[in-house]
Amino acid sequence: QVTLVESGGGLVQAGDSLSLSCEASGRAISTVVTGWFRQAPGKEREFLAAFSRRGSYTYYAEAVKGRFTISRENANDTVYLHMSSLQPEDTAVYYCATIDGYCTAVSCRDRRLYRYWGQGTQVTVSS
């Protein structure tokens, strides 16, 4: 059992930066794949970024590559999503999630493989 708690969401203006945190308990973050997703109203949950199980690889959705950065602190079992140049279309609920096993550059983007999810944190970007 892995419990994930996201924090750091809020209301920002277009062009601002924001960092989200995801604190894990029940499993060391270095032993699982961790990913960030978001879901806007009326849209499907979409992949944003992921860290491979040992942290050797990071994967990003094309839509956020260059603007979003995933990082983690193993000592604190925390994964971060650093977001810059935010736009109103980035408004969504942001979730972190984990995969117990391994994934590839392709499968890490598949939300169906993620077993544990946080409750989400709202990010609203005003124009």
Side-chain angles (χ1 to χ4, degrees):
Q1 180 78 22
V2 179
T3 301
L4 303 169
V5 179
E6 302 97 335
S7 61
L11 173 63
V12 297
Q13 293 186 334
D16 284 352
S17 298
L18 193 66
S19 291
L20 306 180
S21 301
C22 172
E23 185 173 353
S25 59
R27 204 56 201 271
I29 206 75
S30 60
T31 65
V32 295
V33 169
T34 51
W36 282 97
F37 292 76
R38 69 184 178 189
Q39 188 166 18
K43 295 187 176 181
E44 291 191 353
R45 193 167 298 189
E46 65 171 330
F47 168 80
L48 298 175
F51 235 116
S52 66
R53 186 163 172 163
R54 293 195 175 93
S56 301
Y57 302 100
T58 54
Y59 309 108
Y60 292 94
E62 286 299 318
V64 303
K65 191 178 292 185
R67 293 196 302 126
F68 291 11
T69 302
I70 190 172
S71 66
R72 73 184 192 186
E73 289 184 4
N74 290 344
N76 296 327
D77 287 321
T78 301
V79 179
Y80 303 94
L81 185 67
H82 309 282
M83 306 181 293
S84 63
S85 301
L86 286 164
Q87 299 301 317
E89 52 266 34
D90 293 314
T91 295
V93 178
Y94 284 69
Y95 300 89
C96 64
T98 64
I99 298 174
D100 286 343
Y102 295 87
C103 59
T104 67
V106 173
S107 65
C108 280
R109 302 164 191 273
D110 188 346
R111 66 179 185 272
R112 296 170 297 179
L113 295 185
Y114 288 79
R115 180 177 182 184
Y116 297 106
W117 293 81
Q119 82 289 350
T121 185
Q122 175 71 46
V123 173
T124 303
V125 184
S126 64
S127 57

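No experiment lies behind these values; they were computed from the predicted model shown.
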Linking I/L/V/M/F/W/Y whenever their side-chain heavy atoms sit closer than 4.5 Å, directly or via other members, would [X] and [Y] fall into one cluster?
{"X": "L20", "Y": "Y60", "result": "yes"}
{"X": "F47", "Y": "V79", "result": "no"}
{"X": "F68", "Y": "V12", "result": "yes"}

Look only at the side chain of [X] and the backbone of [Y], and say whether a donor-acceptor pair between them is shorter than 3.5 Å.
{"X": "Y59", "Y": "V106", "value": "no"}
{"X": "S85", "Y": "G15", "value": "no"}
{"X": "Q119", "Y": "E6", "value": "yes"}
{"X": "R27", "Y": "V2", "value": "no"}
{"X": "R53", "Y": "V33", "value": "no"}

I'd like to check Y94 versus L48 (side-chain heavy atoms, cut-off strictly below 4.5 Å). Are they in contact? yes

Just wondering, do M83 and V64 contact through their side chains at under 4.5 Å, heavy atoms? no

About how many Å separate [atom2] of [Y] and [atom1] of [X], when rounded to the nearest 0.5 Å?
{"X": "D16", "Y": "S126", "atom1": "CG", "atom2": "OG", "value": "8.0 Å"}
{"X": "D110", "Y": "C103", "atom1": "CG", "atom2": "SG", "value": "9.5 Å"}
{"X": "C108", "Y": "Y102", "atom1": "SG", "atom2": "OH", "value": "12.0 Å"}
{"X": "Q39", "Y": "E46", "atom1": "CD", "atom2": "CD", "value": "9.5 Å"}

To check you understand the geometry: which heavy-atom pair defines the closest contact between Y114 and A50, and what is its length? OH-CB, 3.6 Å

Indicate the atoms forming the closest heavy-atom contact of I70 with T58, along with that distance. CG2-CG2, 3.8 Å

Do T124 and Q122 have side-chain atoms, one donor and one acceptor, less than 3.5 Å apart? yes

Kindly check if the number of other-residue, nucleotide or ligand heavy atoms within 6.0 Å of CD (E23) is above 12? no

On the six-membered ring of F37, is R111 placed so that its NZ or CZ lies under 6.0 angstrom from the centre and within 45° of the ring axis? no

Classify the angle between the aromatic ring planes of W117 and Y95 as parallel (below 30°), tilted (30 to 60°) or perpendicular (above 60°). perpendicular

